[in-house]
Amino acid sequence: MITRASDPYPETVAERNALHEAQVLTLRQIGDNLAAQTKRLESLTAKLDDVRERLVRLEAQEAGKLVDALRGELKGALARIDALEAERDRVAGVAALGSWISRYAPWLVAGAAAFLAGLGLRMPDAR
């Protein structure tokens, strides 16, 4: 049979079978290629998951190192703060003692003079 160039469907059974076999072969190749691509994609996905897990572990290790370094710095800063607070307490204690002495020294001297006067001892004249 004669086929026309503009006719999309072949007219003979042999042409139809040949076209059918070509379509089946093409679909098989597409299926094989798709299966191969799927297998490759699964492999790449597994590799990506492995890389992601490694990255998470590395970030955790880095974070742990940073936390340890900050803990060391914090311990040093707290020790310095404790030393400064102790020094401040000593200074405050000395200042409080000086304030107490300046407030009560005249009374203590007067009391001691009265006690000595009561005992009969005289203070030397300031002349």
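Worth saying up front: this structure is predicted, and the values here are computed from it rather than measured.
Applying the side chain to side chain donor-acceptor pair (under 3.5 Å) rule to pairs touching residues 99-111 yields S99-R103, sequence neighbours excluded. Sorted by first and then second residue, the pairs that involve residues 78-88 and meet side chain to side chain donor-acceptor pair (under 3.5 Å), not counting sequence neighbours, are E87-R90. Evaluation of the side chain to side chain donor-acceptor pair (under 3.5 Å) test over residues 50-63, restricted to residues two or more places apart or in two chains, returns D49-R52, D50-R54. The list of side chain to side chain donor-acceptor pair (under 3.5 Å) pairs with a residue in residues 65-75, not counting sequence neighbours, is empty.
The backbone N or O of L41 sits less than 3.5 Å from a side-chain atom of T45, completing a donor-acceptor pair.
Annotation: the span from L27 atom CG to L34 atom CG amounts to 11.5 Å, rounded to 0.5 Å.
Neither V67 nor L58 shares a network with the other; the hydrophobic side chains, linked directly or stepwise wherever heavy atoms of I, L, V, M, F, W or Y lie under 4.5 Å apart, form separate groups for each.
Side-chain heavy-atom separations under 4.5 angstrom define the hydrophobic clusters, and I30 shares its cluster with no other residue.
With sequence neighbours left out, the side-chain contact (heavy atoms from CB on, under 4.5 Å) criterion links V24 to H20, R28.
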